[in-house]
Amino acid sequence: LLLAGAGRVLGNASDGLKPGQLFAWQALFNATGGRDGRWTCCANSYDDPCGCDEAEWKRVVCNQTTGMITFVALSGCHLAGPLPAILSEWTELTVLDLDTNELTGILPKEWQTMTQVTQMYLYNNKLSGTLPKEWQTMTQVTQMVLYNNTLSGTLPTEWQTMTRVTQIDLSNNDFSGTLPKEWQTMTRVTDMALYKNSFSGTLPTEWQSMTRMSVLQLDTNELTGTLP
């Protein structure tokens, strides 16, 4: 709380947040070095994420009507550590930008509740594990950018529900297996980068439905066969 005038008490910008929203923010703060002084952005916003507005760079946006966090951008802020599953509380989040940090661990399947997210930027980190099939609920996503991590496993066929996606960048990871024909539903995709992985098999003929594709990067894999 901030004191102003003759005993008048003013609240911070986050006073209207629902408890789960603030709890999730504080979990991220604690898990990724905020308490240890690592964060170079929003370092003083433990109790007031909605008040983190640095110059012209908007770091956190909150909906004061619903009491929900809707936008978080902490790119290059020196976050280090795992992604808390409790961020699943951010059910009205539309943008999550945590790229170019030192994040580790897996992508939480619990984030399946982020059904309103449109942009997910987690590239340039040290994330591992597989792509959660549970994220199939993110049907509003338009950009899924996860390059330069150590993610592995196969591409989940369940992601065929992401029919609004226009950009997918999973390059420079450790993915393997075949390219899922089920992704033929991604008819709005214009840019797909899957290079520097260990994909095998052939290009699915079903991907002919991706008629808006302008960039498809598949080099440095183990793909075989002819071009459909």
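Note that the structure is predicted; figures quoted are calculated from it, not measured.
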**Report entry** Donor-acceptor pair between Ser14 and Asp48 side chains, under 3.5 angstrom
**Finding:** yes
Query raised in the report: Where is the tightest heavy-atom contact between Ser75 and Arg59, given as atom of each residue plus distance?
Result: O-NH1, 3.6 Å
Query raised in the report: Where do Pro82 and Pro84 come nearest, in terms of heavy atoms and distance?
Result: O-CD, 3.4 Å
Query raised in the report: Considering only the SG atoms, does Cys77 lie under 2.5 Å from Cys42?
Result: no
Query raised in the report: With a 2.5 Å cut-off on the SG atoms, do Cys62 and Cys50 make it?
Result: yes
Would you indicate whether the side-chain heavy atoms of [Y] and [X] approach each other to under 4.5 Å?
X      : Y      : answer
Pro49  : Leu17  : yes
Phe199 : Glu222 : no
Val117 : Val95  : no
Gln143 : Thr166 : yes
Leu87  : Trp25  : no
Met144 : Met138 : yes

Donor-acceptor check, side chain of [X] to backbone of [Y], threshold 3.5 angstrom: yes or no?
X      : Y      : answer
Asn197 : Leu170 : yes
Thr161 : Gln136 : yes
Asp99  : Leu122 : no
Asp36  : Arg38  : no
Thr142 : Val165 : no
Trp135 : Pro108 : yes
Thr178 : Ser200 : no
Arg35  : Asn30  : no

With hydrophobic residues grouped by side-chain heavy-atom distances under 4.5 Å, do [X] and [Y] end up in a single group?
X      : Y      : answer
Ile168 : Met210 : yes
Ile106 : Leu96  : no
Phe71  : Ile86  : no
Leu194 : Leu223 : yes

Query raised in the report: Would Met213 and Val189 satisfy side chain to side chain contact (heavy atoms under 4.5 Å, CB included), going step by step from the backbone distance to the final call?
Result: CA-CA 6 Å; Met213 183 90 72; Val189 69; 3.9 Å; yes
In Å, rounded to the nearest 0.5 Å, how long is the span from [atom1] of [X] to [atom2] of [Y]?
X      : Y      : atom1 : atom2 : result
Gln21  : Gln26  : CD    : CD    : 12.0 Å
Thr163 : Arg188 : OG1   : CZ    : 6.5 Å
Phe29  : Asp47  : CZ    : CG    : 9.0 Å
Asp174 : Asn149 : CG    : CG    : 10.0 Å

Requested in this report: Among Ile, Leu, Val, Met, Phe, Trp and Tyr joined by side-chain contacts under 4.5 Å, find the other residues sharing a cluster with Val145 and list them by chain and number.
Outcome: Tyr121, Tyr123, Tyr147
Query raised in the report: Where do Leu83 and Leu103 land on the side chain to side chain contact (heavy atoms under 4.5 Å, CB included) test, with the steps shown first?
Result: CA-CA 7 Å; Leu83 296 170; Leu103 297 170; 3.7 Å; yes
Query raised in the report: What residue pairs, at least two apart or across chains, pass side-chain hydrogen bond (donor to acceptor under 3.5 Å, both in side chains) with a residue in residues 84-98?
Result: Thr66-Glu92
Report summary line: Which of Leu79, Leu146, Thr100, Asn101 passes side-chain contact (heavy atoms from CB on, under 4.5 Å) with Asn125? Answer is Asn101
Requested in this report: Evaluate the side-chain hydrogen bond (donor to acceptor under 3.5 Å, both in side chains) criterion for residues Asn148 and Asn172: first the C-alpha distance (whole Å), next the side-chain angles of each, then the deciding distance (0.1 Å), finally the verdict.
Outcome: CA-CA 5 Å; Asn148 287 351; Asn172 201 17; 2.6 Å; yes
Report task. Test Trp207 against Met192 for side chain to side chain contact (heavy atoms under 4.5 Å, CB included), laying out the working first. Result -> CA-CA 12 Å; Trp207 283 18; Met192 183 179 290; 3.7 Å; yes
Query raised in the report: Does the pair Leu131 and Leu107 meet the rule for a side chain to side chain contact (heavy atoms under 4.5 Å, CB included), with working shown?
Result: CA-CA 7 Å; Leu131 298 179; Leu107 302 176; 3.9 Å; yes
Query raised in the report: Is it the case that more than 12 heavy atoms not belonging to Asn44 sit under 6.0 Å from its CG atom?
Result: no
Could you go through residues 150-160 and list every donor-acceptor pair under 3.5 Å that involves a side-chain atom there, pairing it with any protein atom two or more places apart or in another chain?
from   : atom 1 : to     : atom 2 : distance (Å)
Thr150 : OG1    : Leu127 : O      : 2.9
Trp159 : NE1    : Pro132 : O      : 2.9
Gln160 : NE2    : Thr157 : O      : 3.4

